[in-house]
Amino acid sequence: MNETKPKKLGVYPGGQDTSTGPYSPGVAVGELVFVAGQGPLDPQTGQIVGTTIEEHTELTLNNVKRILEAAGCTMDDCVKTTVHLKDIGEFERFNAVYRRFFNKPYPARTTVQSVLWSTIRVEIDAVAIRGCGQNKTGNTP
């Protein structure tokens, strides 16, 4: 049996690899899309933007969204996220912003406190399955 296996493809918003290290912002394999850990970095300058957990969460999730959209997904296609918070005491404030980006059923999620680079307060990676979302227009700010 000659079975065709899906190929691993890099996902680059705007068609340009802006990663700062030896990784891809996203990788698609068939209908699965994996988003590398994103932080509150301006996509044009690579600089950290904002100082509060709310500002960092919003920009970080918008960066996740950009990569998912470059792969043909919506936030509703997201099935799993992993969240690293610099200070777990900011969880409720983080969560208030996070919930605005997703519709029910929410993605499965792991949230932990971690040591993060520089002044970054949050980092998020994600897994999506292209086309699985129930609401194709999403509920994003």
Side-chain angles (χ1 to χ4, degrees), residues 2-141:
N2 189 3
E3 198 173 307
T4 303
K5 294 185 180 177
K7 302 233 182 295
K8 178 173 80 170
L9 303 170
V11 176
Y12 307 101
Q16 196 170 20
D17 184 1
T18 58
S19 56
T20 57
Y23 64 90
S24 298
V27 172
V29 180
E31 299 305 314
L32 289 172
V33 178
F34 302 87
V35 177
Q38 298 297 302
L41 302 179
D42 179 288
Q44 303 303 316
T45 67
Q47 299 298 309
I48 298 169
V49 176
T51 58
T52 68
I53 187 63
E54 293 86 357
E55 292 169 319
H56 280 202
T57 301
E58 185 158 347
L59 182 52
T60 297
L61 285 167
N62 277 321
N63 287 338
V64 168
K65 181 180 174 186
R66 285 180 51 250
I67 295 166
L68 289 174
E69 287 175 347
C73 293
T74 69
M75 293 296 273
D76 282 339
D77 293 329
C78 192
V79 295
K80 172 73 169 84
T81 62
T82 303
V83 177
H84 298 268
L85 296 176
K86 186 171 222 161
D87 179 358
I88 201 73
E90 296 181 326
F91 177 80
E92 291 303 322
R93 291 168 53 205
F94 151 79
N95 213 35
V97 176
Y98 179 94
R99 75 171 24 101
R100 295 192 330 242
F101 279 80
F102 297 100
N103 292 306
K104 290 183 179 180
Y106 299 121
R109 181 177 78 189
T110 301
T111 305
V112 296
Q113 180 169 303
S114 299
V115 176
L116 299 175
W117 175 74
S118 189
T119 59
I120 289 176
R121 307 202 68 70
V122 62
E123 181 174 323
I124 301 173
D125 65 52
V127 177
I129 302 173
R130 197 178 294 124
C132 80
Q134 295 179 13
N135 180 353
K136 300 320 277 173
T137 60
N139 182 25
T140 56

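Source: prediction; values computed, not measured.
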For [X] versus [Y], what's the shortest heavy-atom pair and its separation?
X: G46; Y: L41; answer: O-CD2, 3.7 Å
X: D76; Y: C132; answer: O-SG, 4.5 Å
X: E123; Y: G37; answer: OE2-CA, 3.5 Å
X: C73; Y: V33; answer: SG-CG2, 3.7 Å
X: C78; Y: L68; answer: CB-CD1, 4.5 Å
X: L85; Y: F91; answer: CD1-CA, 3.9 Å

Can you sort out the partners of V112 under side chain to side chain contact (heavy atoms under 4.5 Å, CB included), two or more places apart, ordered by chain and number?
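With sequence neighbours excluded, V112 shows a side chain to side chain contact (heavy atoms under 4.5 Å, CB included) to H84, T110, S114, given in chain and number order.
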Does L59 have any side chain to side chain contact (heavy atoms under 4.5 Å, CB included) partners at least two apart in sequence or in another chain, and if so, which?
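Only P40, V49, N63 meet the side chain to side chain contact (heavy atoms under 4.5 Å, CB included) criterion with L59.
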Do [X] and [Y] have side-chain heavy atoms sitting under 4.5 Å apart?
X: Y106; Y: T81; value: no
X: T111; Y: I88; value: yes
X: V122; Y: E90; value: no
X: Q38; Y: I124; value: no
X: P25; Y: D17; value: yes
X: I48; Y: W117; value: yes
X: Y98; Y: P107; value: yes
X: L116; Y: H56; value: no

So how far is it from [X] [atom1] to [Y] [atom2], rounded to the nearest 0.5 Å?
X: Q113; Y: D87; atom1: CD; atom2: CG; answer: 5.5 Å
X: R99; Y: F94; atom1: CZ; atom2: CZ; answer: 10.0 Å
X: D125; Y: I67; atom1: CG; atom2: CD1; answer: 10.5 Å
X: E58; Y: T52; atom1: CD; atom2: OG1; answer: 9.5 Å

Got a donor-acceptor contact below 3.5 angstrom from the R130 side chain to the A71 backbone?
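Confirmed, R130 side chain pairs with A71 backbone.
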Residues, nucleotides or ligands: over 12 heavy atoms within 6.0 Å of K80 NZ:
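It does: K80 NZ has more than 12 such atoms within range.
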Step by step, would you call I129 with D77 a side chain to side chain contact (heavy atoms under 4.5 Å, CB included)?
CA-CA 5 Å; I129 302 173; D77 293 329; 5.8 Å; no
Using 4.0 Å as the upper bound for N to carboxylate O, is an ion pair formed by R121 and E55?
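Not counted as a salt bridge, because no side-chain N and carboxylate O are separated by less than 4.0 Å.
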Kindly indicate, with the supporting measurements, whether the criterion side chain to side chain contact (heavy atoms under 4.5 Å, CB included) is fulfilled by M75 and L61.
CA-CA 9 Å; M75 293 296 273; L61 285 167; 4.2 Å; yes
